[in-house]
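Below is one structure, written out as C-alpha cells; comments come after it.
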Amino acid sequence: MNKAETSYSEMIGDAALSNKGKIGVFFNEIKALIKIGIVNSNMITVFAGFWLAVHFSNSSFISHWGTFLLTMVGSVLVIAGGCIINNWYDADIDPKMNRTKKRPTVTGFISLKTALIVGLVTTAAGLIMLLFTTALAALFAFIGWFVYVVLYTMWSKRRYTLNTAIGSISGAMPPLIGWAAFDPSLHIVPVVMFLIMFIWQTPHFLALAMKKTEDYRAAGVPMLPVVYGFEFTKRQIVVYTACLLPLPFLLVTLGTTFVVIAVLLNIGWLVLGFRGFFMKDDLKWANIMFIYSLNYLIILFPLMIIVTLPIFN
C-alpha cells in the first residue's frame, strides 16, 4: 500500500516507522486539519494590520508586545477553528476531489465528532483571547468565522457560483482584526486593506478553480468555471484584477515607494490576465495567474510593513 494512502493508525502501528517519522506524520495531519496554508497567509495580513495601527498611532511596537501576542494567537485559533469545521462539514464531498481526499477527516485520522468539538473549542478560545485586546477585534474575528463556516461552507458553497465572493468577506477580515486589536477607531488604511483582500481572493480562487475544475465538477460544487466555463471565468478574473488598480492611491500615507510598487504589481497582474484571452492553454494560464496571486500577497503586505521602517523616513 502507498504510504500516502495509508491511514494514520496503520502508520503508527508500523514497526518500521521511527518515532521521528510518526511525529512527522502527526504534525502533517494536524497542518492539513487546520489548513496551515490558509492560516499562514491570513496571519501575514493580521500582522500587517496590527503593525500599521501601531505605526499610525506613533506608538512603540515593543511596548505593546503582549497585545500583539494575544492578537496573533487568538487569530490563529479562530481561523484554524473555522478551517477544522470546514473539514468536518465537507467530509462527504472531500473524498471526491483529488486535492482533498487525503484530509484527516477523510482518512480517519480524526473522527468527525472530534473535529467538530476541536473546531468549536479552538474558535471559542481564540475569540476569548481577542476579547482581551478589544471587543471590536473579537467581533471582526467572529464575523469572519461566521461568514466562512455558515454563509460559505454550509450555505453558498454547494448552491451558488457567488460562493467565492461570499467567502472572500471572511478572508478580508484579518487586517481589520489586527488593526482593531490595537486601535478600534475607524481609519482609511484598514478599510483599504480589507478591500484589497476582498478583491484579491476572487481572481486567486477562480484561477485555482480553473485548475481543479474536474475536482469541483465531481464533487458537485458550482464553481464559476464548472457552471459557465473558462472564457466567462477569465473575464471575471480580469474584471476583479482591474478593480485593484485604484486602491494603492488610497494608501499614499505609506509613501511613494509603496504606491509605485503596488501599482506595478497590479498592472503586471492585469497584463497577465489579458494574456489569457490569447493563450491556447487555459490551464497553464490559470496556473500562472494562481502563482502570481500568491506572490502578490507575499510581496504587498510585507511591503506595507517595510516602508514604515525608519530607513524610509
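Numbers for residues simply follow the sequence, beginning at 1.
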Using a cut-off of 6.0 Å, state whether more than 12 heavy atoms not belonging to Phe61 lie near its atom CZ. yes
Does any non-hydrogen side-chain atom of Thr233 lie less than 4.5 Å from one of Ile237? yes
Minimum heavy-atom separation for Met210 and Leu283, please, with both atom names. O-CD2, 3.2 Å
Please examine the side chains of Val76 and Val39, heavy atoms only from C-beta on, and report whether any two atoms are closer than 4.5 Å. yes
Could you tell me whether Lys211 and Asp282 have a side-chain N and a carboxylate O separated by less than 4.0 Å? no
Taking Phe194 as the fixed residue, which of Thr45, Val189, Leu176, Ile199 is the one that meets the side chain to side chain contact (heavy atoms under 4.5 Å, CB included) rule? Leu176
Without swapping roles, check the side chain of Asp215 against the backbone of Met97 for a donor-acceptor pair under 3.5 Å. no
Are any non-hydrogen side-chain atoms of Phe50 and Ile305 less than 4.5 angstrom apart? no
Could you check, using the six-membered ring where one of them is a Trp, whether Phe301 and Phe47 have ring centers closer than 6.0 angstrom? no
Near-ring test Tyr240/Trp200, centroid separation under 6.0 angstrom: no
Could you report the tightest heavy-atom contact between Pro225 and Thr213, atom names first, then the distance? CB-OG1, 3.8 Å
Asp94 and Lys102 ion-paired at < 4.0 Å: no
Set of residues satisfying ring-ring contact (aromatic ring centres under 6.0 Å, His included) with respect to Tyr228, sequence neighbours excluded: Phe232
Got a sec: does the CZ of Phe277 have more than 12 other heavy atoms crowding it under 6.0 Å? yes
Quick check for you: to the nearest 0.5 Å, what is the distance between Ser293 atom OG and His204 atom NE2? 5.0 Å
When rounded to the nearest 0.5 Å, the distance separating CE of Met129 from OG1 of Thr71 is 9.0 Å
Distance in Å, Leu245 CG paired with Asn266 CG, rounded so as to fall on 0.5 Å steps: 5.5 Å
